[in-house]
Protein chains: 2
Amino acid sequence: MSASLKLSTAVKAVHCLARAYPEPLSSTEISGMTGINASQLRLILSMLAKAGIIQSMQGAGGGFILNMTPDQINLQQLYCAIETRKAFHLAVSGNHEQIPLNKKINTYFLDLFEDIQRDIESKMETISLADVIQKVETHY
Amino acid sequence: MSASLKLSTAVKAVHCLARAYPEPLSSTEISGMTGINASQLRLILSMLAKAGIIQSMQGAGGGFILNMTPDQINLQQLYCAIETRKAFHLAVSGNHEQIPLNKKINTYFLDLFEDIQRDIESKMETISLADVIQKVETHY
DNA sequence: AATAAATGTTACACTCACTACAACAGTTAG
DNA sequence: CTAACTGTTGTAGTGAGTGTAACATTTATT
């Protein structure tokens, strides 16, 4: 799954958890609320649980519950927890690295893209889940 | 081709043109210097020509030649000229938009991603081809 | 202890975009 | 008129992303 898709999925799920708090929700329940496949949700939610953002409880009567308040959770934390590949997909010309100029320019761009990646991450750090919920409920 | 791949390809090609200036280079010649396929180069170079960044001359003895000095060309111009899809690939959870909450959160993220896209573009605007050439030749 | 209801994880089919390249039509100098 | 170019279209192969199912594992309940 792409980082941006996972991020929006994570926000939707966590938003449900915020509304249900302090009651836990199962992946099936969240699936019913969002339309997102339950297996897919579990994949993402288990990553969020490992990052300590939510708590997962196995077994009958279990489910997921927030482990932090919405204003303590920011998009960067969510993004970090679920990231497998970078948001700014950094492809540079494939395999012509035997040519010195290519190698140098590739390196330059990899550095630049990392730089941009850092910019994106700092921006996301400034946006809390509470911000998102508030904005979604008022401005849209 | 992804935007970032095309961008690095464009920079490599334009870098060759800068060194050859005022002599024109054919796509075959640039291919020889960079290892990049000539057809692929022509695809990108023709886009740069349409944007007025380089000039293309058809027919025997033709080729490509810079139409601006390296310090007048910035990465944003190159990126703009070759862009087909956005750098920050903005996927949000696909097709569950019948659920109002989803639609709102999707819209929120599309807005956020556009915002980030703009940030990336302004950053690229500050980097000229001359900067890249200078940096590549000294720092790497 | 047995059962039912959860999570956690793996696997898989399917689609689709990307990549790299070839081929050829169109254009121009000599 | 020919040779050397660009411009554009098409295409086979590959790899990543998507959506989902299946099953192993864990735990509350009775």
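Just so we're on the same page: letters track the sequence lines, and every chain starts at 1.
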(message) Can you see if the side chain of A/S46 gets near the phosphate of C/dT7 - specifically, an N or O under 4.0 Å from OP1 or OP2?
(response) no
(request) To the nearest Å, give me how far apart CD1 (B/I82) and P (C/dT19) are. (result) 12 Å
(message) Using side-chain heavy atoms (C-beta onward) and a distance below 4.5 Å, is B/L112 in contact with A/I127?
(response) yes
(message) Checking contacts here: which listed nucleotide (C/dA22, D/dG19, C/dT7) is nearest the side-chain heavy atoms of B/S39?
(response) C/dA22
(message) Using whole Å, what does the distance between atom C1' of nucleotide D/dT20 and atom CG of A/L5 come to?
(response) 14 Å
(request) Send over the distance from A/L41 CG to C/dG8 P, rounded to a whole Å. (result) 12 Å
(message) Working to the nearest 0.5 angstrom, can you tell me the gap between A/I30 CD1 and A/I36 CD1?
(response) 9.0 Å
(message) At a heavy-atom distance below 4.0 Å, what parts of residues 54-64 of chain A sit against DNA chain C?
(response) A/S56, A/M57, A/Q58, A/G59, A/A60, A/G63, A/F64
(message) Just to verify, what does A/S128 make a side chain to side chain donor-acceptor pair (under 3.5 Å) with, not counting sequence neighbours?
(response) A/D131
(message) Suppose we screen for side-chain contact (heavy atoms from CB on, under 4.5 Å). Which residues come up paired with A/D119, at least two apart in sequence or across chains?
(response) B/K123
(message) Please tell me if A/K50 has a side-chain N or O lying less than 4.0 Å from either OP1 or OP2 of C/dT9.
(response) yes
(message) Whole angstroms only, please: what is the CZ-P distance between B/R42 and D/dT9?
(response) 14 Å
(message) Measuring from the side chain of B/S26 (C-beta onward, heavy atoms only), which nucleotide among D/dT6, D/dC23, C/dT19 has the closest atom?
(response) D/dT6
(request) Write down the distance between CG (A/L48) and C1' (C/dT9), rounded to a whole number of angstrom. (result) 16 Å
(request) For B/Q72, check side-chain contact (heavy atoms from CB on, under 4.5 Å) against everything at least two apart and list the hits. (result) B/M68, B/T69
(message) Is there a side-chain contact between A/K6 and the phosphate of D/dG19, meaning an N or O under 4.0 Å from OP1 or OP2?
(response) no
(message) Side chain of B/N37, heavy atoms from C-beta onward: which of C/dC21, C/dA6, D/dA22 has the nearest atom to it?
(response) C/dC21
(request) Would you kindly give the CD1-to-C1' distance between B/I36 and C/dT19, to the nearest whole Å? (result) 13 Å
(request) Please report, rounded to the nearest Å, how far the C1' atom of D/dT6 is from the CD1 atom of B/I44. (result) 15 Å
(request) Identify, with sequence neighbours excluded, every residue that meets side-chain contact (heavy atoms from CB on, under 4.5 Å) alongside B/E125. (result) B/N74, B/Q76
Anything under 3.5 Å between a donor and an acceptor, one on a side chain of residues 45-66 of chain B, the other on a protein residue two or more places apart or in another chain? List them.
{"from": "B/S46", "atom 1": "OG", "to": "B/R42", "atom 2": "O", "distance (Å)": "3.4"}
{"from": "B/S46", "atom 1": "OG", "to": "B/L43", "atom 2": "O", "distance (Å)": "3.1"}

(request) With heavy atoms under 4.0 Å as the rule, sort A/S27 into base, sugar-phosphate or nothing. (result) sugar-phosphate
(request) Measure from CD on B/E23 to P on D/dC5 and round the result to the nearest Å. (result) 13 Å
